[in-house]
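Shown next, in structure tokens, is the structure this report addresses.
Heavy-atom basis, side chains included; hydrogens, waters and symmetry copies ignored.
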Amino acid sequence: MNVRVAWLRLRLAQMRTATGMWLRVPSNLALVAIALFLVAAAFTVPVDRKGDGSEYILTTESLYYDHDLVIKNTVDIFRHIDMRPQWMDTPSGLTRMPGTDGVERYGLHSFYYPVLCLPFYGAFGYHGFYVVNALLLVVVIACAYGRLARTQPRAWALGFAAGAVFLSAAWSYVFWTQTEPFYTALIALYLYLWDSGRPLRAALCAGIALGAQLPLGFLAVPLVLELLVRRRPKTAAQVVGIYALCAAPQLFYDLRYLGTIAPMARMGLASARYVSFGTWFRMLFDPAMGLVWFYPVALYCLARWRPTWRTGSLLVATGLTLLAMTSVYHVYAHQVGTRYACYALPVLLFCVDDLGLEGLWSRLGAAFTVVAGAGLAI
């Protein structure tokens, strides 16, 4: 026992020393300031419902209070109405899924995000969803910063990472009770860990993402292919196994209790017949919702992109992911740009190896990022 206590004390001392050294770096301290700003904003903005917020909020409450995913009108609905702020219109927009066991269930969307939100909901109530989203956005910034800081000055790396996020629609989704920051952070972590030479940890992030949102599986494929090309079949098999394990809980629930692996298709809200290259083109370029306009750093990233097999395959996978998302009946409604464009942001940031303004296209891309991004911020 004394040996264990001594080891714990040593580890705590080492962690304090490492943290102190990390905070002595001005750029790292600035990252902490960004995190504090976003979390503070999460507490100050009034909570309301947007998009599919009713499902995520009530699913979290059902898991927190009842430890299940069953909708009981006399319990779930009345409890929520009694607790919610008066200005919230929840449970408006809630879709009930008929279960194979004869009861109504939550399940139109994945339960992974509500599970993540549980401790934050328990600690902060409805603001907990915004706090989760704020921290997830910090993860996106930190991953891009960490990767660029390997080759670029830290101040430039952090400035670019934070500027790319704040001069885009990405941080508006902190204030939506939706999954966009969750998936964006998982993709950013996946790319960062892959780039750091830790494919199994990267697979864990990609596996959770594809389990929750199946089209994100396109982004998980390049890692497996690269491992096979590099003649690492054992690691590739392990990665595929991790994908399967991460997706298994969601697939089990969908099949066992909902009777389908595609709940949205079952409810008529998504179908392969909706897939459209025209809609896909609009998702990229339409001024009303397009990636280029709501994530304007995209043009700079593409101007600075140095083609490699990895970045090329990731860009193709991103295009296929966005194309798959056109299978949703309502691709765009009242979002800040199409919300699916969030998925492309980490990929674009990881396509940049060096920062600079050499060449006409880099200058034009940087100018467009600042002008269009400032318009979004205002």
Give a yes or no answer on whether the side chain of [X] reaches the backbone of [Y] with a donor-acceptor pair at less than 3.5 Å.
X    : Y    : answer
R154 : A149 : no
S276 : T279 : yes
T311 : P307 : no
D354 : T151 : no
Q152 : L355 : yes
T260 : R266 : no

With a 4.0 Å cut-off on N to O distance, would you call [X] and [Y] a salt bridge?
X    : Y    : value
D89  : K50  : no
R256 : D101 : no
R147 : D353 : yes
E358 : R304 : yes

Verify the distance criterion only: is there a donor paired with an acceptor across the side chains of [X] and [Y] at less than 3.5 Å?
X    : Y    : answer
T59  : S62  : no
T100 : R105 : no
Y121 : E61  : yes
Y113 : N133 : yes
R273 : S271 : yes

Side-chain heavy atoms under 4.5 angstrom apart, residues restricted to Ile, Leu, Val, Met, Phe, Trp, Tyr: same cluster for [X] and [Y]?
X    : Y    : value
L251 : Y112 : no
F43  : V47  : yes
V292 : L345 : yes
I208 : V239 : yes
V370 : L364 : no

Applying salt bridge (Lys or Arg N to Asp or Glu O under 4.0 Å), run through R232 and E226 and close with a yes or a no.
CA-CA 9 Å; R232 298 176 62 185; E226 181 175 279; over 6 Å; no

Count the heavy atoms belonging to other residues, nucleotides or ligands that lie under 6.0 Å from [atom1] of [X], then report whether that count exceeds 12.
X    : atom1 : answer
F281 : CZ    : no
I261 : CD1   : no
W309 : CH2   : yes

Does any non-hydrogen side-chain atom of [Y] lie less than 4.5 Å from one of [X]?
X    : Y    : answer
L210 : L219 : no
L216 : L186 : no
V297 : L348 : no
E104 : V70  : no
T338 : L322 : no
L136 : T184 : no
L223 : Y190 : yes
L291 : M283 : no

Here's a test for you: under side chain to side chain contact (heavy atoms under 4.5 Å, CB included), which of V140, V336, L38, I141 qualifies with W171?
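The passing option is L38.
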
Would you name the heavy atoms of [X] and [Y] that are closest together and state the gap between them?
X    : Y    : result
Y130 : V45  : CE2-O, 3.9 Å
Y173 : A169 : CD1-O, 3.4 Å
Y145 : A161 : N-CB, 3.8 Å
D195 : R150 : OD2-NH1, 2.5 Å
T321 : F218 : OG1-CB, 3.4 Å
P263 : M97  : CB-CE, 3.7 Å

Rounded distance [0.5 Å steps], [atom1] in [X] versus [atom2] in [Y]:
X    : Y    : atom1 : atom2 : value
R16  : R11  : CZ    : CZ    : 12.0 Å
H330 : M264 : NE2   : CE    : 9.0 Å
L58  : H80  : CG    : NE2   : 5.0 Å
L137 : E180 : CG    : CD    : 12.0 Å
Y65  : D76  : OH    : CG    : 11.5 Å

Got a sec, which residues hit ring pair (Phe, Tyr, Trp, His ring centres under 6.0 Å) with Y192, two or more places apart in sequence or on another chain?
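With neighbours one apart ignored, the set is empty.
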
Which residues share a ring pair (Phe, Tyr, Trp, His ring centres under 6.0 Å) with Y253, sequence neighbours left out
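For Y253 the ring pair (Phe, Tyr, Trp, His ring centres under 6.0 Å) partners, ignoring immediate neighbours, are F111, Y257.
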
Before giving the answer on side chain to side chain contact (heavy atoms under 4.5 Å, CB included), spell out for I34 and L158 the whole-Å C-alpha distance, their side-chain angles and the decisive distance to 0.1 Å.
CA-CA 10 Å; I34 291 170; L158 180 60; 4.3 Å; yes

Could you go through W194 and L314, starting from their C-alpha distance and side-chain angles, then the distance that decides it, and tell me whether this counts as side chain to side chain contact (heavy atoms under 4.5 Å, CB included)?
CA-CA 12 Å; W194 181 6; L314 283 169; 3.8 Å; yes

List the steps and the verdict of ring pair (Phe, Tyr, Trp, His ring centres under 6.0 Å) for W156 and F160.
CA-CA 6 Å; W156 282 103; F160 174 74; 9.9 Å; no

Applying ring-ring contact (aromatic ring centres under 6.0 Å, His included) between F368 and each of Y300, Y295, W293, report the one that passes.
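Going through the options one by one, the only one that passes is W293.
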
Would you call the rings of F277 and W280 parallel, tilted or perpendicular if under 30° counts as parallel and over 60° as perpendicular?
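If you compare the ring of F277 with that of W280, the planes turn out perpendicular.
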
Which label fits Y340 and Y343: parallel for a plane angle under 30°, tilted from 30 to 60°, or perpendicular past 60°?
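Aromatic pair Y340/Y343 classed tilted.
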
Please evaluate residues C143 and L189 with respect to the criterion side chain to side chain contact (heavy atoms under 4.5 Å, CB included), reporting the C-alpha separation (whole Å), side-chain torsions for both, the decisive distance (0.1 Å), and the verdict.
CA-CA 6 Å; C143 287; L189 277 169; 3.7 Å; yes

Walk me through whether Y274 and Y329 qualify under ring pair (Phe, Tyr, Trp, His ring centres under 6.0 Å).
CA-CA 7 Å; Y274 298 147; Y329 182 71; 5.5 Å; yes

What residues form a side chain to side chain donor-acceptor pair (under 3.5 Å) with R79, not counting sequence neighbours?
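Scan of R79 (side chain to side chain donor-acceptor pair (under 3.5 Å), adjacent residues dropped) gives D66.
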
Take Y106 and R96 through the side chain to side chain contact (heavy atoms under 4.5 Å, CB included) test and state the conclusion after the steps.
CA-CA 6 Å; Y106 302 99; R96 303 158 180 260; over 6 Å; no

